Amino acid sequence: MEANPAHSRLTAIALAFMAVIWVSPFSWLFLNAFNTASTGQLEIPSAVGLDNFAQAVSGNAGRQFLNSMLIAAGTATLSVVIGIAAAYPLSRLKIPGRNAFLWTLVLLRMLPSAGVLVPLYFAAQRGGLLNQFGVIIALTILNLPFTLLLLKNFFDTVPIELEEAAYVEGASLFQIVTKIVLPMSRAGIAVVWFFSFTGAWNEFLLPLIFARVQDAFPMSVGLYAAFGQQGAVDYGFLAAYSIIYAAPAVGVYFLLRRNMNTGFAGVGVKG
Amino acid sequence: MKNQANPWLTSNLLVLGLGMLPAMLLVGALLYFTAWAFAFSFTDLALVGRKAVEWSWVGFENYERLFTRRGFLESLWTTVIFVFFSAIVGQSVLGFLLAAALRGSASSIRSVVEVCIMLGWLLPDIVAAFLWSATTNQTGLINQLIVVPLGFPPINLINDYALPVVTIANIWKGTAWSYLLFSAALDSISREVVEAAKVDGATPFQRIWLVMLPIIRPHIATNMLFITIWTFTYFPLIFAMTGGGPGTQTQTLAVYLYLQSFSRGNLGYGSAISVAMLVIVGVLSLFYLRLLREPK
């Protein structure tokens, strides 16, 4: 856009500088993760190897990875399934006050989750749900307002004429939903699933309160517990553990990157 | 109404209703828990001990304590500083500048910078906290690369400048969201409008200030709404980096709420804090929503 080449070169340099600053904190992480004799210092590794990673996928750490996977995939899938079943009728039936209702819910969710955590904790305790399953249900409850709003917005963009045409051709409601509505809002559904997945994957406070034993810790709590311990900390292990913990959230984003902009358009315009 | 024209819907109302049932149950649970949290704020309920079982109603005592005891107002001030500098100044302005600068850049530069910024956003909170603790401690990157080469003794930044450090960490983490939103907003401005302003002799600054910003005003308000509320209630990063310390220097309301509720066990008082936070967030949202609706 800029006609002035000197100006655009200056912008490019400033941008490159920004990018370097942005990734520089990762230097410590990678230098220590591949350093088999890591001391937590920022230094060029004297011995390079994958021992730290091997340690970070076995035993307790591996178990915590599975816990996180279970919680994140479970929450995302449950949210999307329940969300779709409710968002389609919300989008198509002219229920009075539905938009005000959804926005109220979203605003309600803006309240610090620690506030709702107290009653959630008591309810889970009484229902014997202080475990992974309880975490999944609690996170789904907390996710649902956003899920409903986003999915409804995506369904709104599917032209109803297509559904009419399919009905005339003799398609049932189930066929209309699975053959037309869902494929056409695939990008939106992927975005919602991704948001729920990373949200649950990153979630720290809820499992911190719900998970009572080390076996039940997801990676967020496991990492916090490990680096909270003062004294003989195994920095190489923690660095490798952090990379493994961060990888799925980053990876899912790049897998779905093309869909992301569609999702953001939905968030921004409807705001 | 219009439903008459959609027989595949009207003939299946029961199925559709059944589909909505699970979501409505969960929404009901959310409303129920929220109401419960509200009710707790009028009790002296505790996490453990005698008052965990034999709690009683105490009226507005918890709310009085918010203003009469040290802690709440102090934390509120810390939160205001944290939100203002990290979200409103840092993330928004930086996000906008990046979006504006990258708009005219080659697509290869654009994707590289985008990926770098997104890495901060995608990183789990606890990993980000770990990373920034390591970067700002006495042997960390900033000391080894800047402070020591300049001839100063190493500084324990995370301890001596705790609030600025968590603020910067949050800018690092959250700018991507503002960037993505502003980038989508700027893409929606037609090139003709900008070109026309250019032909009329507007400087780049005028083009941004007088042409682009008014057009994307709704996006600015939306962005402000989201990031203010998120930052206001943001917990894991600060808690994992400093635990609210040293002293109470980085004790934002979210951290204060957690410490009061789950470390001290004062669930009643904790609920009053979260209700107060909800009120503050609600007032802020109304303010931004007005900004959003107001016609030019």
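In this text, all values refer to a predicted model and were calculated from it rather than measured experimentally. In what follows, chains are A, B, ... by sequence order, proteins preceding strands, each numbered from 1.
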K.L.:
Taking B:A128, B:A129, B:A134 one by one, which has the highest count of heavy-atom pairs under 4.5 Å against chain A?
P.N.:
B:A134
K.L.:
Using 0.5 Å steps for rounding, measure from the CZ atom of B:F130 to the CG atom of A:L238.
P.N.:
4.5 Å
K.L.:
Under 4.5 Å between any side-chain heavy atoms of A:L208 and B:F262, yes or no?
P.N.:
no
K.L.:
Report the option among A:I176, A:I243, A:T140 that has the most heavy-atom pairs separated by less than 4.5 Å from atoms of chain B.
P.N.:
A:I176
K.L.:
CG of B:L31 to CG of A:L105: how many Å apart, nearest 0.5 Å?
P.N.:
6.0 Å
K.L.:
Given the options A:G83, A:A246, A:A85, which has more heavy-atom pairs under 4.5 Å with chain B than any of the others?
P.N.:
A:A85
K.L.:
In terms of heavy-atom proximity below 4.5 Å to chain B, should A:S27 be classed as side chain, backbone, both, or neither?
P.N.:
side chain
K.L.:
Using non-hydrogen atoms and a 4.5 Å limit, figure out which bit of B:I117 sits close to chain A: side chain, backbone, both or neither.
P.N.:
both
K.L.:
If we define contacts as heavy-atom pairs under 4.5 Å, which of B:P124, B:S133, B:P236, B:C116 has the most with chain A?
P.N.:
B:P124
K.L.:
Where on B:L45 is there a heavy atom nearer than 4.5 Å to chain A: the side chain, the backbone, both, or neither?
P.N.:
side chain
K.L.:
How close do B:M20 and A:P89 get, heavy atom to heavy atom, and via which atoms?
P.N.:
SD-CB, 3.5 Å
K.L.:
Below 4.5 Å, heavy-atom pairs only: which of B:N223, B:L267, B:L145 has the largest tally toward chain A?
P.N.:
B:L267
K.L.:
Under a 4.5 Å heavy-atom cutoff, which of A:S242, A:S24, A:A14 has the most pairs with chain B?
P.N.:
A:S242
K.L.:
Which atoms of A:Y88 are under 4.5 Å from chain B, going by heavy atoms: the side chain, the backbone, both sets, or neither?
P.N.:
side chain
K.L.:
So do the side chains of A:I21 and B:W172 get within less than 4.5 Å of each other, counting heavy atoms only?
P.N.:
no
K.L.:
Determine whether B:L16 and A:L173 make a side-chain contact, defined as any pair of heavy atoms from C-beta on separated by less than 4.5 Å.
P.N.:
yes
K.L.:
Heavy-atom distance under 4.5 Å to chain B: side chain of A:I84, backbone, both or neither?
P.N.:
neither
K.L.:
Which answer fits A:S79, side chain, backbone, both or neither, if we ask what part of it has an atom under 4.5 Å from a heavy atom of chain B?
P.N.:
neither
K.L.:
Would a distance-only check, ignoring hydrogens and angles, find a side-chain to backbone donor-acceptor pair under 3.5 Å from A:W28 to B:L131?
P.N.:
no
K.L.:
How about CZ on A:F26, more than 12 heavy atoms from neighbouring residues, nucleotides or ligands closer than 6.0 Å, or not?
P.N.:
yes
K.L.:
Between B:T135, B:T175, B:V127, who has the most heavy-atom pairs with chain A when the cutoff is under 4.5 Å?
P.N.:
B:V127
K.L.:
For residues A:V116 and B:W36, determine if any side-chain heavy atom of one lies less than 4.5 Å from a side-chain heavy atom of the other.
P.N.:
no
K.L.:
Which answer fits B:F235, side chain, backbone, both or neither, if we ask what part of it has an atom under 4.5 Å from a heavy atom of chain A?
P.N.:
side chain
K.L.:
Can you tell me which portion of B:F40 sits under 4.5 Å from chain A's heavy atoms? Options are side chain, backbone, both or neither.
P.N.:
side chain
K.L.:
Measuring heavy-atom distances to chain B, does A:A239 have an atom under 4.5 Å in its side chain, in its backbone, in both, or in neither?
P.N.:
backbone
K.L.:
When you compare the side chain of A:L144 with that of B:L30, does any pair of heavy atoms fall below 4.5 Å?
P.N.:
no
K.L.:
Nearest 0.5 angstrom please: B:M24 CE to A:L90 CG, how far?
P.N.:
5.0 Å
K.L.:
Pick whichever of A:P25, A:A249, A:A19 has the most heavy-atom pairs under 4.5 Å with chain B.
P.N.:
A:P25
K.L.:
Please step through side-chain contact (heavy atoms from CB on, under 4.5 Å) for the pair A:W22 and B:V113, ending with a clear verdict.
P.N.:
CA-CA 9 Å; A:W22 228 265; B:V113 176; over 6 Å; no
K.L.:
When rounded to the nearest 0.5 angstrom, what is the spacing between CZ in B:F33 and CG in A:L117?
P.N.:
10.5 Å
K.L.:
Which distance, rounded to the nearest 0.5 Å, do you find between the CG of B:L237 and the CG of A:N202?
P.N.:
11.5 Å
K.L.:
Please identify, among A:S172, A:A87, A:S220, the residue contributing the most non-hydrogen atom pairs under 4.5 Å to chain B.
P.N.:
A:S220
K.L.:
Please assess B:V27 against A:F101 for the test side-chain contact (heavy atoms from CB on, under 4.5 Å), listing each intermediate value before the final yes or no.
P.N.:
CA-CA 11 Å; B:V27 165; A:F101 172 69; 4.0 Å; yes
K.L.:
Roughly how far apart are B:Y258 OH and A:L205 CG, rounded to 0.5 Å?
P.N.:
7.0 Å
K.L.:
Identify which part of B:I109 has an atom lying under 4.5 Å from any heavy atom of chain A, answering side chain, backbone, both or neither.
P.N.:
side chain
K.L.:
Using heavy-atom distances under 4.5 Å, tell me whether A:E203 contacts chain B through its side chain, its backbone, both, or neither.
P.N.:
neither
K.L.:
Let's go through B:V15 and A:F174 carefully: what are the C-alpha distance in whole Å and the side-chain angles of both, what is the deciding distance for side-chain contact (heavy atoms from CB on, under 4.5 Å) to 0.1 Å, and is it a yes or a no?
P.N.:
CA-CA 10 Å; B:V15 179; A:F174 182 74; over 6 Å; no
K.L.:
Flag the pair B:I126 / A:V221 as yes when at least one side-chain heavy-atom distance between them is below 4.5 Å, and no otherwise.
P.N.:
no
K.L.:
Could you check B:F239 against A:F204 for side-chain contact (heavy atoms from CB on, under 4.5 Å), going step by step and ending with a plain yes or no?
P.N.:
CA-CA 10 Å; B:F239 182 72; A:F204 168 66; 3.7 Å; yes
K.L.:
If I measure from the heavy atoms of chain A, does B:L94 come under 4.5 Å with its side chain, its backbone, both, or neither?
P.N.:
side chain
